[in-house]
Amino acid sequence: MRASRFHLATLKETPVDAEIISHQLMLRAGMIRRHAAGIYSWLPLGLRILRKVEQIIREEMDKAGALELLMPSFQPAELWQESGRWDQFGPELLRLQDRHHRDACIGPTHEEIVTDIFRREVNSYRQLPLNFYQIQTKFRDEIRPRFGVMRSREFIMKDAYSFDIDKDGMQHSYDVMDQAYINIFDRFGLDYRAVSADSGAIGGSTSQEFHVLADSGEDAIAFSEQGNFAANIETVEALPPETERVATSAEMQIVDTPGMYTIEDLANGLGVSAQQCMKTLIVEAEDGGLVALVLRGDHELNALKAERLDDVASPLRLAQREQITANLGSDIGSIGPIGLSLKTIVDHSAAVVGDFVCGANQDDKHFINANWGRDCEEPITADIRNVVNGDPSPVGTGRLKILRGIEVGHIFQLGQKYSESMQAAVLDEQGKGVAPFMGCYGIGVTRVVAAAIEQNHDEHGIIWPATLAPFQLAICPINYHKSEPVKQATDNLYQECLARGIEVLLDDRALRPGVIFSDMELIGIPHRIVLSERGVTAQQFEYKGRSDDSAQELPLDELPAFLDKLYSD
RNA sequence: CGGGGUGUAGCGCAGCCUGGUAGCGCAACUGCUUUGGGAGCAGUGGGACGGGAGUUCGAAUCUCUCCACCCCGACCA
C-alpha cells in the first residue's frame, strides 16, 4: 500500500473528549471517528486491525469445530417474550417498532435468535454437539457510553453458542472453547489472564472471563503467586484473619472530630492508621429497613458478597443521606457500631481489631479505644470485603496479588435456560424430547483493539503486536520525489515486499522525514526501513523496530535475507 | 436519571462579563525555498457563532426554551 493512496488521517492534537489513552490514540491515528455518543465509524486503518482480530478468532473457532453463521441485529419481540427477557431486560435493550407497530429490538446478544434457529433446524441428538458462532454488530444502550470503543453502544462481538444433549457434553464443549480462547488470546500477542468469574443472573455453574492486563482496566483480578488460581476480585473469598484480636487496654473515650468525615481525615487527624478505623456503611435491608456493614478503614466493601447476606437487600443499595440522618440522628461521617440501633454485620478482619476508632453516632464525634465485646456486643461477622494484595489465596497456598484487567472475553454454561423456555428440544436415543444444554462464549472484538492499545503504547503512539498490526513494515524513503537513487531503491524494495506477501506501507508522501517518522510511530507499525540518498550511496539501509531504542545500519545487499528473517518470525 | 460543564472553520481555542456584523494556532490549497524527527516565507479558501423564540436601531455576546455532547455519580458513612 502506498501512503499517498491510503487515507492516513492522523491528528497532531488530541481531541479533548478522549479520556483514556487508547481512545486518544485511536482518534489521533485515524482509526475511528465518532458520530454520536458511543457510535463510531472505523476508518480504513482501524478496520485493518479489526479484521486481524476477527481473522484470528475465525480461524481458531473454525479449528475448534464451531460453525460460522450470521444472525440479524433487528430481532422480533416475540422471541424475547418467549425467553422472558423482554420484561427482564432494562433500558439497555433498545426497543423499537416497525411501520406496522410490531415490537422489536436491536440485539444486544443472540441467545433467542440462535435458539430459534436451533429448534427449527435440529431434531436429533445425532446432530449434536453443535456450536454456532458469528462476528456481528451488537447494540446496548449504555447509560453512559465512554472511553471510545471500550464502552460504546454499538460494537462488534464474536458470540458463539454450543448445544449438547447432556451436562457432560456441555462441559466438554465448554472445555473446547476454553482451549480455543487460550489459542486466540495467545495469538493476539497480549498479556492476558483467564479468571474464574461470577456467572451473574444468567446462571450456570462455571464461568471464566478473559482479561487483558492494563493499569487502566475497569476490573480488578486477583491471582495467586503460587499455583494457578485467578479470579475476578468480586468472587474471591477473603479468608478469616490468622491473627487474634489484640488484648484491650485503655478505656473507650469520646473525642471531638470536627470536619473529619472520611477515613483518611480521621486517620490523619487522630494520628492512627486507617486499619485502626472502622468504616460503617448503611445499606438497605431485605425487609425495607436499614443494615449497618462494618469494615476496616483500609478495606472496600464487596457488593456481591454483601447482597448475598440474608439481611441485605439485593441488589445492594446504599442508604440515602436523608434516610440516615432521619433514622440515626447523626450525619454520615460520624456513624459507628457502638450504640447503633441497627442490625450490624462486621467483616471478619474488622472484628479482630482491638482499640479501634469509630463514629460515635453524634455529629463531629468519634470513639477511640473502642473494643468489640467490651464496649458493645460480640459482633456478627461475615466476609463482606474485597481481597487485597497479600491476602492468603482461598485455595491452596500462596498470597494474592491484585492486577487490573479489561474484560474482553467471557465463556459460560447456560444449561437449559433458553432451550426450555423456548421449547427447543431434540429427540434422544429413546426417541424422547430433551432440551439441549447450551453454552455461550463471547469476545468483544472492538474492545480487544482498544485493550491492545491500552496495554501497548508509548509517548510516540501505538505499539502493535505483530499479529494485530495494520501493516507489518513501513518503508520510509527520504526525498523520494527528489532523489532518483532513493526512488529506485525504494521501488525495488517495495516490489520485493509485495512479492513476498509482506503487508507493507510505503510512505511516498512528499513530506519531511520527521512527519513521516512520527506518523509511522503513531500508527504503530512494528518494523521500519529508512532509505536515504546518503545510505543508498553507501549501499546501506536503516532498520528500526517500533520499540527498539535505536536504529541499525545494514548493507543493502543483505536486504532480501533480512526480509526473509523478519517475515518468518 | 441526579449533579457539573461545553457547544464559535476539519481539529484545538479566544471573543461573550461591558451588544456595533468574527479572530488565533494547526490542518487544507497555490508558489518559492528547505529536506534525517511534526520546516520557513508569501498568498488563498473556508464559519448566517448548536436550533428556535424574545429584548434591542443592532445579538456570537443579554433573556427564555429546546437539542447535542463531555465529565462525575458507594469507598464518603
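In what follows, chains are A, B, ... by sequence order, proteins preceding strands, each numbered from 1.
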Counting heavy atoms from C-beta on, name the nucleotide in [options] closest to the side chain of [X].
X: A:Lys482; options: B:G37, B:G38, B:U34; value: B:U34
X: A:Glu521; options: B:U35, B:G37, B:A39; value: B:G37
X: A:Ala37; options: B:C70, B:G37, B:G38; value: B:C70
X: A:Lys279; options: B:A39, B:A27, B:C75; value: B:C75
X: A:Glu13; options: B:C11, B:C72, B:U35; value: B:C11
X: A:Ser532; options: B:G36, B:A39, B:C69; value: B:G36
X: A:Glu19; options: B:G12, B:C72, B:A27; value: B:C72
X: A:Ile478; options: B:C72, B:G37, B:U35; value: B:U35

Paired with [N] by Watson-Crick or G-U wobble geometry, both distances under 3.5 Å: which nucleotide is it?
N: B:C1; answer: B:G73
N: B:C32; answer: B:G40
N: B:G25; answer: B:C11
N: B:U56; answer: none

Exercise for the section: Can you check whether any acceptor in the base of B:G38 is under 3.5 Å from a donor in the side chain of A:Arg28, or vice versa? Expected result: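 In this structure, the two groups form a donor-acceptor pair.
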Practice task
Examine the base of B:G38 for any acceptor or donor lying under 3.5 Å from a partner atom in the side chain of A:Arg509, and report the outcome as yes or no.
Solution key: no
Quick one: [X] [atom1] to [N] [atom2], roughly how many Å, whole number?
X: A:Asp17; N: B:C69; atom1: CG; atom2: P; answer: 11 Å
X: A:Gln275; N: B:C75; atom1: CD; atom2: P; answer: 21 Å
X: A:His23; N: B:C69; atom1: NE2; atom2: C1'; answer: 12 Å
X: A:Asn479; N: B:U34; atom1: CG; atom2: C1'; answer: 10 Å
X: A:Ile20; N: B:C71; atom1: CD1; atom2: C1'; answer: 14 Å
X: A:Arg534; N: B:G36; atom1: CZ; atom2: P; answer: 8 Å

Practice task
Specify the residue among A:Phe147 and A:Leu266 whose closest nucleotide of RNA chain B lies further upstream toward the 5′ end.
Solution key: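 The residue mapped nearer the 5' terminus is A:Phe147.
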Completion exercise
The answer to which of A:Arg34 and A:Ile263 contacts RNA chain B further toward the 5' end, by nearest nucleotide, is A:Arg34
Practice task
Examine B:C71: is either OP1 or OP2 under 4.0 Å from a nitrogen or oxygen in the side chain of A:Arg146? Give yes or no.
Solution key: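 It does not, given that no N or O in the side chain of A:Arg146 lies less than 4.0 Å from OP1 or OP2 of B:C71.
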Practice task
Check whether any side-chain N or O of A:Arg512 sits under 4.0 Å from OP1 or OP2 of B:G38, and answer yes or no.
Solution key: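 No, no such contact exists.
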So what does [X] touch, heavy atoms closer than 4.0 Å: a base, only the sugar-phosphate, or nothing?
X: A:Val283; value: nothing
X: A:Thr262; value: sugar-phosphate
X: A:Asp265; value: nothing
X: A:Ile335; value: sugar-phosphate
X: A:Glu264; value: nothing
X: A:Ala292; value: nothing

Is it true that a side-chain atom of [X] and a backbone atom of [Y] form a donor plus acceptor pair closer than 3.5 Å?
X: A:Glu307; Y: A:Leu316; value: yes
X: A:Asp298; Y: A:Ala274; value: no
X: A:Asn492; Y: A:Ala489; value: no
X: A:Gln276; Y: A:Asp355; value: yes
X: A:Gln455; Y: A:Leu213; value: yes

Separation between the [atom1] atoms of [N] and [M], rounded to whole Å:
N: B:U56; M: B:C66; atom1: P; result: 23 Å
N: B:U34; M: B:A39; atom1: C1'; result: 7 Å
N: B:U8; M: B:C69; atom1: C1'; result: 15 Å
N: B:A14; M: B:G7; atom1: C1'; result: 15 Å
N: B:G40; M: B:G25; atom1: P; result: 12 Å
N: B:U61; M: B:G20; atom1: P; result: 11 Å
N: B:A48; M: B:A22; atom1: P; result: 12 Å
N: B:A42; M: B:U21; atom1: P; result: 27 Å

Practice task
Examine A:Arg447 relative to A:Phe155 and say whether NZ or CZ is less than 6.0 Å from the centre of the six-membered ring and inside a 45° cone about the ring axis.
Solution key: no
Problem - Chi-angle category of B:A42 [syn within 90° of 0, anti beyond] - result: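 It is anti.
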Practice task
Please name the pair of heavy atoms, one in A:His23 and one in A:Ile32, separated by the smallest distance, quoted to 0.1 Å.
Solution key: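 A:His23 and A:Ile32 have their closest heavy atoms at CD2-CD1, 4.2 Å.
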Completion exercise
To the nearest 0.5 Å, atom CD1 of A:Ile49 lies from atom CD1 of A:Ile462 at 6.5 Å
